[in-house]
Amino acid sequence: MQKTKVVLATGNQGKVKEMADVLAQFGFEVVAQSEFGIQSPEETGLTFVENALLKARYAAKITGLPAIADDSGLSVKALNGAPGLYSARYAGEEGNDETNRQKLLREMASVPAEARQAKFVSCIVFLAHETDPTPKIAIGECFGEILTEERGSNGFGYDSLFFYPPKNCSFAELETAEKKKISHRAIALAQLKTQFEDSK
């Protein structure tokens with residue numbers, strides 16, 4: 001069966017690795033937007049859904065292909081949901097994963113163990129074309145706690161600070177294959193798959 005070519009609207013190689021093989025199971029041949037030389041547009045949305053749609057529409061417009069975009073982040077209860085939409089640039093536009101984690105540790109330094117709840121949120125959208133009026137939208141959440149120091153060397157982003165109680169370890173201590181089964185992105189992808197199956 002011929003696969004449908006779709007553009008994955010992200011410049012984050014961690015997300016590309018995490019999503020491409022799962023999306024292949026949908027019958028998609030995934031091409032990262034970087035292969036078209038596309039930079040992500042400015043994320044001006046006020047929600048994960050708005051930002052994901054913005055990125056997908058832009059990639060679909062430039063390439064003429066169906067597009068899938070993920071907007072995700074870490075929401076920490078003690079910080080009123082921060083870093084939230086700004087997870088990727090928490091430490092500023094010039095920041096990176098390392099500086100973002102260091103800022104989070106500083107912000108959480110005085111927060112007691114019983115108040116360190118957090119969740120990862122992933123919103124994944126699919127657009128058949130740029131002006132698709134009925135996008136498929138899936139949201140996954142994964143609940144845990146913020147550690148007081150980094151643990152593990154797998155994963156990316158805030159994984160080494162996110163403690164996941166069901167596995168008694170941080171996301172960065174999980175094997176990649178294991179994380180792909182239980183993460184917020186995995187939950188959203190499973191929802192998306194169900195939507196595709198229901199629409200056949």
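Of all heavy-atom pairs between D70 and A52, the closest is C-CB, 4.5 Å. K103 and A91 make their closest contact through CD-CA, 4.1 Å (heavy atoms, listed as atom of the first residue, atom of the second, distance). Residues L105 and E149 approach most closely at CD2-N, 4.1 Å, considering heavy atoms. The shortest non-hydrogen separation linking S87 to G73 is OG-CA, 3.3 Å. In plain terms, the two heavy atoms of P165 and G144 that are nearest each other are CD-CA, 3.9 Å. Smallest separation of non-hydrogen atoms from N100 and A88: ND2-O, 3.1 Å.
In this structure the side chain of E43 never reaches within 4.5 angstrom of the side chain of L85, judged on heavy atoms. Within the 4.5 Å cutoff, side-chain heavy atoms of I137 are placed close to those of C123. Looking at I146 and Y158, their side chains never come closer than 4.5 Å, going by heavy atoms from C-beta outward. Looking at L74 and L161, their side chains never come closer than 4.5 Å, going by heavy atoms from C-beta outward. Contact annotation: the side chain of E107 approaches that of Y90 to within less than 4.5 Å [non-hydrogen atoms, C-beta and beyond]. R185 places none of its side-chain heavy atoms less than 4.5 Å from the side chain of V22. Put simply, the side chain of I139 does not reach to within 4.5 Å of the side chain of F48, judged on heavy atoms. The shortest side-chain heavy-atom distance between K167 and L174 falls under the 4.5 Å cut-off.
Not one N or O on the side chain of R151 forms a donor-acceptor pair closer than 3.5 Å with the backbone of C169. The main-chain N or O of L65 is never found under 3.5 Å from a side-chain atom of K5 such that the two would form a donor-acceptor pair. Put simply, the side chain of E178 never gets that close to the backbone of E175: no donor and acceptor are under 3.5 Å apart. The backbone N or O of G95 sits nowhere less than 3.5 Å from a side-chain atom of E98 that would complete a donor-acceptor pair. Judged by distance alone, with hydrogens and angles left aside, the side-chain atoms of T99 form a donor-acceptor pair with the main-chain N or O of N96 at under 3.5 Å. Side chain of R101 to main chain of G157: a donor-acceptor pair is present (N/O by atom type, distance under 3.5 Å, no hydrogens or angles). Side-chain atoms of N154 never come within 3.5 Å of backbone atoms of T176 as a donor-acceptor pair (strictly under, hydrogens ignored).
Follow the hydrophobic side-chain contacts under 4.5 Å out from V49 and you reach L127 in the same cluster. In the hydrophobic clustering of this structure, V76 groups with V111; members are Ile, Leu, Val, Met, Phe, Trp, Tyr whose side-chain heavy atoms approach within less than 4.5 Å, directly or through other members. No chain of hydrophobic side-chain contacts below 4.5 Å, direct or via other Ile, Leu, Val, Met, Phe, Trp or Tyr residues, connects I124 to L53. Linking Ile, Leu, Val, Met, Phe, Trp and Tyr whenever their side-chain heavy atoms come within less than 4.5 Å puts F162 and M108 in one cluster. Hydrophobic clustering (ILVMFWY, side-chain heavy atoms < 4.5 Å, transitive): L104 and Y164 are in one cluster.
Taking the six-membered ring where tryptophan is involved, the planes of H184 and F120 are essentially parallel, since the angle between them stays under 30° and well short of 60°. Aromatic ring orientation, F196 versus F26: perpendicular (interplanar angle above 60°, classes split at 30° and 60°).
No more than 12 heavy-atom neighbours from other residues, nucleotides or ligands sit within 6.0 angstrom of NZ on K77. Within a 6.0 Å sphere centred on CD of E94, heavy atoms belonging to other residues, nucleotides or ligands number 12 at most. N80 CG: 12 or fewer foreign heavy atoms inside a 6.0 Å radius. Counting non-hydrogen atoms of neighbouring residues, nucleotides and ligands closer than 6.0 angstrom, the OH atom of Y86 reaches no more than 12 such neighbours.
With rounding to the nearest 0.5 Å, the separation of NZ in K136 from CD1 in I68 is 10.5 Å. Distance check, rounded to the nearest 0.5 Å: CG of L189 to NZ of K193 gives 10.0 Å. Here the CE atom belonging to M19 is positioned 8.0 Å from the OG1 atom belonging to T10, to the nearest 0.5 angstrom. Rounded to the nearest 0.5 Å, atoms OG (S122) and CD1 (I187) are 9.0 Å apart. To the nearest 0.5 Å, the span separating CD on E197 from OG1 on T194 amounts to 5.5 Å. Distance check, rounded to the nearest 0.5 Å: CD of Q33 to CG of L8 gives 7.5 Å.
For F126 and F28, the ring centers are positioned less than 6.0 Å apart.
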Stepwise side chain to side chain donor-acceptor pair (under 3.5 Å) test for Q191 and Q195: CA-CA 6 Å; Q191 271 187 32; Q195 290 182 37; 4.7 Å; no
